[in-house]
Number of protein chains: 2
Amino acid sequence: MEKYYSKIKNSPLFCGITDEELERMLKCFGGYVKKYEDGDMIIRQGETISKIYLILDGEVNIEKETYWGRRIIIQKLYANNNIGLSLVASKNVEANINALCVGHALILILNYDKCSTMCQNACMHHSVLISNLFKILSKENIELIEKIENISQKTIRDKLLTYLSNEGQKHKSNIFEIPFNRQELADYLNIDRSAMSFELSKLKSEGLINYKKNKFVLKVEI
Amino acid sequence: MEKYYSKIKNSPLFCGITDEELERMLKCFGGYVKKYEDGDMIIRQGETISKIYLILDGEVNIEKETYWGRRIIIQKLYANNNIGLSLVASKNVEANINALCVGHALILILNYDKCSTMCQNACMHHSVLISNLFKILSKENIELIEKIENISQKTIRDKLLTYLSNEGQKHKSNIFEIPFNRQELADYLNIDRSAMSFELSKLKSEGLINYKKNKFVLKVEI
DNA sequence: TCCTTTTTGTTGTAATTACAACAGAAATGT
DNA sequence: ACATTTCTGTTGTAATTACAACAAAAAGGA
């Protein structure tokens with residue numbers, strides 16, 4: 001557990017909390033680290049969630065399956081991100097997503113019930129933590145709206161250009177790597193993979209973008 | 001101002017806060033009520049937001065305009081909802097949406113800066129408020145994911161069925177009113193209005209749904 | 001009431017997409 | 001290095017959609 005302290009300390013979740021406080025809080029919240037392997041379900045649609053999941057290492061896809069069996073990728077999460085945070089606030093809310101491990105991952109798991117009841121008045125750190133939770137959810141909210149913008153474009157071309165432009169702005173650069181392979185990107189943008197590949201080629205041949213595997217270059221201002 | 005107290009008191013934002021506390025907090029946060037008319041911009045894309053907006057009465061559309069000039073309706077908000085809450089957490093974040101008044105609306109406006117600095121240690125209500133903020137954002141998060149589910153369906157038919165099914169579940173009934181007119185619903189689901197009308201007619205003729213104006217009846221389990 | 005405006009429904013056509021099937025490239029394991 | 005598997009790109013066709021143009025219905029105002 002101790003070997004993860006530095007990682008945990010630097011997460012937005014524990015931002016503004018000192019080392020000794022952190023140690024006490026982790027005990028208080030029954031914190032432990034769990035390993036997941038490729039394909040493992042960390043959160044399953046329909047479950048009731050009362051734990052806070054913090055990714056220490058690895059990659060997690062937030063997905064949904066349609067009634068007709070198609071996969072929707074809502075977002076991809078990395079180290080320092082929380083999984084399903086919006087589900088712990090209200091008890092009796094069923095998870096509306098699946099959280100799937102991609103490759104190996106290390107997840108810190110905290111008991112939010114203990115966090116919210118035992119510390120309500122006792123811990124002065126509780127207010128720092130809940131303030132952090134608010135900030136984290138705010139960021140996630142903004143990212144979800146960005147995703148809505150991406151997939152709300154009319155054509156495959158517009159979806160790609162909007163997505164790539166947004167990624168460029170996030171990286172503050174015209175050169176960046178995207179976190180998806182082609183099939184994942186298609187499932188994220190809700191389009192057919194082969195049609196997407198075709199459109200990417202077209203954009204490349206027109207000189208608007210360049211790419212090799214996951215590395216993209218934007219040659220235009222959108 | 002006093003005449004709005006009962007409305008304000010019953011909002012999720014001030015849940016768990018007593019009457020006297022509320023009065024003190026409203027003064028402390030420089031709270032005031034502002035009237036908006038149809039088409040007024042409450043929040044404009046690109047602005048930096050440092051105020052909390054609480055809808056006391058009326059209807060507000062959260063929208064985005066695409067690069068190509070098309071309207072995207074992200075969500076429709078009503079009394080007791082907050083506008084752009086995710087924007088106040090981090091200063092220097094530019095609004096990624098427009099908030100437009102639909103018809104008349106009454107909005108309570110609070111100064112979040114005062115709320116977060118002055119009360120950091122002084123007010124014990126601050127922690128209640130920030131806990132409420134977390135819960136509100138959680139709910140919004142879940143709704144955004146639901147919207148993503150709706151618009152991620154492949155065909156117009158699937159989008160309509162998914163949307164109507166989700167609305168039915170929310171109302172816990174097969175009979176319910178939707179908050180959108182046809183054009184708004186099309187802009188919410190990112191589809192063409194006329195094509196949507198055509199598909200609605202088809203669903204009605206097939207006996208899967210029934211509707212008249214905004215009142216819908218689901219005749220199947222989805 | 002009548003007229004005007006707004007909203008909703010209908011239809012045909014051009015554009016776009018999904019899908020399937022396959023080829024080529026890259027990655028992986030032995 | 002080779003075989004195998006996974007990932008990416010290409011193409012043709014059927015299905016779906018956007019768009020425009022218009023008709024019908026409903027709502028609102030004088």
Side-chain angles (χ1 to χ4, degrees), chain A residues 38-39 59 61 66-73 76 102-104 150-164 177-206 208-216, chain B residues 38-39 59 61 66-73 76 102-104 150-164 177-206 208-216:
Chain A
D38 190 65
E59 192 176 313
N61 276 357
T66 72
Y67 181 76
W68 294 268
R70 212 165 42 88
R71 172 175 77 160
I72 302 169
I73 295 183
K76 188 182 275 285
V102 182
H104 309 283
N150 290 334
I151 65 177
S152 294
Q153 304 302 319
K154 216 172 34 196
T155 64
I156 293 180
R157 162 177 283 243
D158 293 351
K159 286 183 186 183
L160 285 170
L161 287 176
T162 304
Y163 169 72
L164 292 172
E177 288 199 19
I178 65 170
F180 300 115
N181 65 27
R182 295 292 185 274
Q183 184 61 62
E184 286 180 322
L185 180 57
D187 289 344
Y188 174 85
L189 294 176
N190 300 303
I191 51 184
D192 180 67
R193 182 198 57 76
S194 63
M196 186 187 75
S197 267
F198 182 70
E199 192 64 43
L200 280 173
S201 303
K202 215 164 112 189
L203 287 169
K204 189 195 266 185
S205 75
E206 292 176 20
L208 294 178
I209 66 173
N210 201 0
Y211 60 88
K212 190 169 188 179
K213 295 268 319 168
N214 293 9
K215 195 162 183 175
F216 281 76
Chain B
D38 190 65
E59 191 175 315
N61 277 356
T66 72
Y67 180 77
W68 294 269
R70 212 164 42 88
R71 172 175 78 160
I72 302 169
I73 295 183
K76 188 182 276 284
V102 181
H104 309 284
N150 290 335
I151 65 177
S152 294
Q153 304 302 320
K154 216 172 34 194
T155 64
I156 292 181
R157 163 178 282 242
D158 293 351
K159 286 184 185 183
L160 284 170
L161 288 176
T162 303
Y163 169 72
L164 292 173
E177 288 199 20
I178 66 169
F180 300 116
N181 65 27
R182 295 293 185 273
Q183 184 61 62
E184 285 180 323
L185 181 57
D187 288 345
Y188 174 84
L189 294 176
N190 300 303
I191 51 183
D192 180 66
R193 182 198 58 76
S194 64
M196 186 188 74
S197 267
F198 181 70
E199 192 64 43
L200 279 173
S201 303
K202 215 164 111 192
L203 287 169
K204 188 195 268 184
S205 75
E206 292 176 20
L208 294 178
I209 65 172
N210 201 1
Y211 60 87
K212 189 168 188 181
K213 295 270 317 171
N214 294 8
K215 195 163 185 173
F216 281 76

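Worth saying up front: this structure is predicted, and the values here are computed from it rather than measured. Just so we're on the same page: letters track the sequence lines, and every chain starts at 1. Atoms considered below: every heavy atom in the structure, side chains included; atoms not considered: hydrogens, waters and symmetry mates.
- Per the geometry, CD1 belonging to A/Ile156 stands 12 Å off C1' belonging to D/dT16, to the nearest Å.
- A/Asp192 comes within contact range of at least one nucleobase, with a heavy-atom separation under 4.0 Å.
- The interatomic distance linking A/Leu160 (CG) with C/dT17 (C1') rounds to 13 Å, in whole Å.
- Rounded to an integer number of Å, the gap from A/Asp38 CG to D/dT6 P is 12 Å.
- Each of A/Asn181 and B/Ile191 was matched to the nucleotide of DNA chain D holding its nearest heavy atom; the match closer to the 5' end belongs to A/Asn181.
- Within the 4.0 Å cut-off from OP1 or OP2 of C/dT17, not a single side-chain nitrogen or oxygen of A/Lys154 is found.
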Derivation and outcome, side chain to side chain donor-acceptor pair (under 3.5 Å), residues A/Asn61 and A/Glu184:
CA-CA 10 Å; A/Asn61 276 357; A/Glu184 286 180 322; 3.2 Å; yes
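- The backbone N or O of A/Lys213 lies less than 3.5 Å from a partner atom in the side chain of A/Arg182, making a donor-acceptor pair.
- One atom, CG of A/Asp158, and another, C1' of C/dT17, lie 14 Å apart when rounded to the nearest Å.
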Restricting both atoms to N or O, compile the protein contacts to nucleotides 9-14 of chain D shorter than 3.5 Å, with distance only.
from, atom 1, to, atom 2, distance (Å)
D/dG9, OP2, A/Arg182, NE, 3.0
D/dG9, OP2, A/Ser197, OG, 2.9
D/dG9, N7, A/Arg193, NH1, 3.1
D/dG9, O6, A/Arg193, NH2, 3.0
D/dT10, OP2, A/Ser201, OG, 2.3

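- Sequence neighbours left out, the pairs with a member in residues 185-197 of chain B that pass salt bridge (Lys or Arg N to Asp or Glu O under 4.0 Å) are B/Arg71-B/Asp187.
- Taking only side-chain nitrogens and oxygens, B/Lys212 never comes nearer than 4.0 Å to OP1 or OP2 of D/dA26.
- For A/Asn214, taking side-chain heavy atoms from C-beta onward, the closest of the listed nucleotides C/dT8, D/dT8, C/dA18 is D/dT8.
- Between B/Met196 atom CE and D/dA20 atom P the separation is 17 Å, expressed in whole Å.
- Across the protein-nucleic acid pair, B/Glu199 atom CD and C/dG9 atom C1' stand 13 Å apart, rounded to whole Å.
- Rounded to whole Å, atom P of D/dT16 lies 15 Å from atom CD of B/Gln153.
- With hydrogens and angles ignored, the 3.5 Å screen pairs no side-chain donor or acceptor of A/Lys204 with any backbone N or O of A/Ile209.
- Donor-acceptor pairing under 3.5 Å is lacking for the side chains of B/Thr162 and B/Asn150.
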Walk me through whether B/Lys212 and B/Glu177 qualify under salt bridge (Lys or Arg N to Asp or Glu O under 4.0 Å).
CA-CA 10 Å; B/Lys212 189 168 188 181; B/Glu177 288 199 20; over 6 Å; no
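- For the pair A/Arg157 CZ and D/dT17 P, the computed distance is 22 Å after rounding to whole Å.
- B/Tyr211 meets the ring pair (Phe, Tyr, Trp, His ring centres under 6.0 Å) test with B/Phe216; sequence neighbours excluded.
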